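Nothing here was measured: the structure is a model prediction, and the numbers come from that model. This chain uses plain numbering: 1 for the first residue, then up along the sequence.
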Amino acid sequence: QAQVVESGGGLVQAGDSLRLSCATSGPTFSPYAMGWFRQAPGKEREFVGNIHWITVHTSYADSMKGRVTISRDSAKNTLFLQMNSLKHGDTGVYFCAECSRTGCSSYTSGSRTYEYDYWGQGTQVTVSS
């Protein structure tokens, strides 16, 4: 629950697909929710989507609906972000974030950065035009 590591980023062409992964190193993993955010050059970190770990209910940013899917593998303590029909505007560093069960008092919509306790270092996604 203290370490989150993203992977799967890279250089792709417009229209391609990518699946990002978010793995944890702890023997057990049981967060309240997990979120995906991205940060484009010169811009603030923005919400992509999130998932409630137990119910598997997902929410997505309006700009991403229909193109992304968040899923989890509880046995492997891994979170996924499937992205399809990538656009140049999707370029940025993608972050995985955890809202732990002990630090979720501020969790409401799950779309703000302050609602999460732990962050990975990010994985770069570059979509060529």
Side-chain angles (χ1 to χ4, degrees):
Q1 62 181 3
Q3 184 171 342
V4 180
V5 181
E6 305 95 336
S7 63
L11 175 62
V12 299
Q13 293 180 307
D16 285 355
S17 298
L18 274 179
R19 188 174 74 160
L20 306 183
S21 298
C22 174
T24 63
S25 60
T28 61
F29 188 67
S30 184
Y32 179 79
M34 298 290 294
W36 284 100
F37 291 78
R38 69 183 183 185
Q39 188 166 19
K43 296 185 178 180
E44 296 182 351
R45 194 166 300 183
E46 67 175 340
F47 174 70
V48 174
N50 60 30
I51 182 170
H52 187 277
W53 200 252
I54 300 300
T55 66
V56 201
H57 178 268
T58 55
S59 296
Y60 304 100
D62 290 339
S63 62
M64 306 298 293
K65 290 181 179 178
R67 298 194 298 118
V68 300
T69 302
I70 296 176
S71 60
R72 68 170 175 86
D73 186 337
S74 60
K76 298 182 179 180
N77 297 335
T78 303
L79 178 73
F80 302 101
L81 176 65
Q82 177 70 44
M83 299 188 291
N84 303 317
S85 302
L86 286 166
K87 308 172 183 178
H88 183 260
D90 295 322
T91 295
V93 179
Y94 284 70
F95 297 90
C96 178
E98 175 191 356
C99 178
S100 67
R101 292 191 176 276
T102 58
C104 290
S105 61
S106 298
Y107 193 93
T108 52
S109 66
S111 63
R112 310 303 294 270
T113 58
Y114 62 78
E115 298 179 82
Y116 297 87
D117 303 303
Y118 303 103
W119 293 81
Q121 294 299 309
T123 183
Q124 176 70 43
V125 173
T126 303
V127 184
S128 64
S129 58

Would you say the side-chain atoms of [X] pair up with the backbone N or O of [Y], donor to acceptor, closer than 3.5 Å?
X    : Y    : value
T78  : K76  : yes
E115 : G110 : yes
T91  : V127 : yes

What closest approach, in Å, do [X] and [Y] show between heavy atoms, and which atom pair accounts for it?
X    : Y    : answer
S85  : S17  : N-OG, 4.2 Å
Q124 : T126 : NE2-OG1, 3.2 Å
T69  : Y60  : CA-OH, 3.4 Å
Y116 : C99  : CD2-N, 3.6 Å

So [Y] and [X], do their side chains get closer than 4.5 Å, heavy atoms only?
X    : Y   : value
Q82  : S71 : no
T113 : F95 : no
W53  : L79 : yes

Only distances under 3.5 Å count here; give the side-chain donor-acceptor pairs of residues 4-15 to other protein atoms, sequence neighbours excluded, each with its distance to 0.1 Å.
unit_1: E6; atom_1: OE1; unit_2: Q121; atom_2: N; d: 3.2
unit_1: E6; atom_1: OE1; unit_2: G122; atom_2: N; d: 2.9
unit_1: E6; atom_1: OE2; unit_2: C96; atom_2: N; d: 2.7
unit_1: E6; atom_1: OE2; unit_2: G122; atom_2: N; d: 3.4

Criterion side chain to side chain contact (heavy atoms under 4.5 Å, CB included) against L81, the qualifying member of V125, V68, L18:
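That would be V68.
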Inter-residue atom distance [X].[atom1] - [Y].[atom2], 0.5 Å rounding:
X   : Y   : atom1 : atom2 : answer
F80 : L20 : CZ    : CG    : 10.5 Å
M64 : S59 : CE    : OG    : 14.0 Å
T58 : R72 : OG1   : CZ    : 11.5 Å
R38 : M83 : CZ    : CE    : 8.5 Å
T24 : E98 : OG1   : CD    : 7.5 Å

Over-ring placement of R45 relative to F37, 6.0 Å and 45° cut-offs:
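No, a cation-pi geometry is absent between R45 and F37.
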Are V93 and F47 connected, step by step, through hydrophobic side chains (Ile, Leu, Val, Met, Phe, Trp, Tyr) whose heavy atoms are closer than 4.5 Å?
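Linked, V93 and F47 end up in one cluster.
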In the hydrophobic clustering that connects Ile, Leu, Val, Met, Phe, Trp and Tyr at side-chain heavy-atom distances below 4.5 Å, which members other than Y114 occupy its cluster, ordered by chain and number?
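Answer for Y114: none, a lone residue.
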Partner residues of Y32 under the ring pair (Phe, Tyr, Trp, His ring centres under 6.0 Å) criterion, sequence neighbours left out:
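Counting only residues at least two positions away or on another chain, Y32 forms a ring pair (Phe, Tyr, Trp, His ring centres under 6.0 Å) with H52, Y107.
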Would you mind checking if D90 and K87 are paired as a salt bridge, meaning a charged N to carboxylate O distance below 4.0 Å?
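Result for this pair is no, no salt bridge flagged.
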